[in-house]
Amino acid sequence: MQGKKTHQESLFIQFQLSDYVPADNFYRRLKSLLDLDFLYPTTLKYYGKEGQKSIDPVVFMKLMLVGYLENINSDRQIVVSSGMRMDILYFLGYDLGQELPWHSTLSRTRKLYGEETFLELFKQVLKLCINNGMINGKRQAVDSALIPANAAKQSMVERIVMEDASVFSRELNDNIEDEPVVPKKPKEGEGNKPDKQGDPDKKNKKVAPVNQTHYSPSDPDARLTTKPGKPMRLYYRAQMSVDTASHCITYIQAFKGNEADKTSLPIMLPQIAGNMAEHAIQVEEILADTGYSSGKAIRALTANGMKGYIPVPGTYKSSREDEGFTYDANYDRYVCIMGVHLTFKRIESAYDDPTVLKRIYESNISDCKNCPFKEICANKKGFKKLVDSADKQLYEYMQRRVESPKGKQMKALRSSTVEPVFGSLINYTNLNRINAKGLKQANKCMLMAAVAYNIKKLLKCKFKPLIAALTTAIIDLETLFNQLSRLGRAYKQSYNANLHLSF
Ligand code: SF4
């Protein structure tokens, strides 16, 4: 007989969330693992002593976490989804039917709390990972990714500082009424010249936005940039270090989109070392790609007591033998195929970065005067100029390390470690776009995404074996208890029998 389910909602039910959320549920395990009570003293400074009560800082942070764990990038959606999930309600400490905080409270509180609150949470989770033996810490792989900002390239406007100054100066001139303005008599031939200001073609011509002349009024910290395979748009850059043993994130920070990796590394290294030093772990090796290579970056490695595996830039030339110039280390000079000396002349700084220094070697005009290769070798002034990096020795030292058998292993290890982690952050922990404005807010978003990633790793790696071990232990205990009961019963029976015989 065919059955048909009829439904009549019960008016009164006895219900307890904890009865319906399984013991091995992700959020139930997370609730018992994560102690966020440190937020109460940390965030106390953001509140006054009177007035309406704020959102509970722990509830706020848990709701933020839910957004990143569930890959939801809308505060409104976080609240809606949380209200429909028994396990999340249990994690938040709410009951069915209990009203959750209003969604706009989340964005207001996110702006209110400083970066240090989010950094503290990141460090707490990192500590849990270290205490659970997940992080070795000695070798870190670093990389960066461009994360789209919450602003459109089309919204960029020209910086108006200079325009303001010129308007002010024009107004000043207009207000000088005492001095009559005598129109200048145009010079001969000048009268027919078109007026630049009045030329409609010039006025209407749109200039392509660049960071030097344009900015986004809605997010002034976002920067226009691109890289192969990415469109030119406004970005932030996420710099991250990942432990090669466990793939846990040990450091993450937001930088402006156009900030080069090589300039960020000296800022990153002390923080990576600091995060590990808090747990008495010394970072020994840093693996990075060519983008991080610079003399300053290599020096920063040494200053922080680390060794690196960073390939030198593709444009760097360790030898000029293929161009026909041999280096003579005794006299610090080059010798060309004609035997002419190119002596060291001076040190120059790079035009785009004054901190990058270059060594200049030049031949004499008189030496090259009659050379048969002059047309293809010498410059227009009639001499040959060679430019070397002032950090040549550092680059050569790094090149030797990278080309060693271990260096080749480290190159493969770096790409297999840090790149998949960025993939996970972007696809599964809500880092495909910064849903806030400003560098500080972007930093908070990145820290939260890293916290969510590390929590997932922590629960996945540690507690599965623990639950399995606990389950086995419980089964063993049950078996032992049954055996003991059986033994007890047998002993009781034999005792009774002996007692009966003795009478
Ligand atoms: S042009 Fe000058 S530097 Fe070049 S090969 Fe001739 S002599 Fe040597």
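The basis for the numbers below is simple: all heavy atoms, side chains too, and nothing from hydrogens, waters or symmetry mates. Everything quoted here is computed from the prediction, not taken from an experiment. In this chain, residues are counted from 1 in sequence order. For ligands, and for the atoms within them, numbers begin at 1 and follow the listed sequence.
- A donor atom on one side chain and an acceptor atom on the other are not found under 3.5 Å apart for E70 and S81.
- Y327 carries K392 over the face of its six-membered ring, with the cationic atom under 6.0 Å from the centre and within 45° of the normal.
- For F60 and Y113, the ring centers are positioned less than 6.0 Å apart.
- Taking CG from L224 and CG from L234, the interatomic distance works out to 5.0 Å, rounded to the nearest 0.5 Å.
- Remark: R401 qualifies as a cation-pi partner of Y309 under the 6.0 Å distance and 45° angle criteria applied to the six-membered ring.
- A salt bridge (Lys or Arg N to Asp or Glu O under 4.0 Å) with D388 holds for exactly one of K358, R320, R359; it is R320.
- The distance cut-off of 2.8 Å around atom 8 (Fe) of ligand 1 captures these protein N, O or S atoms, sorted by chain and number: C336 SG.
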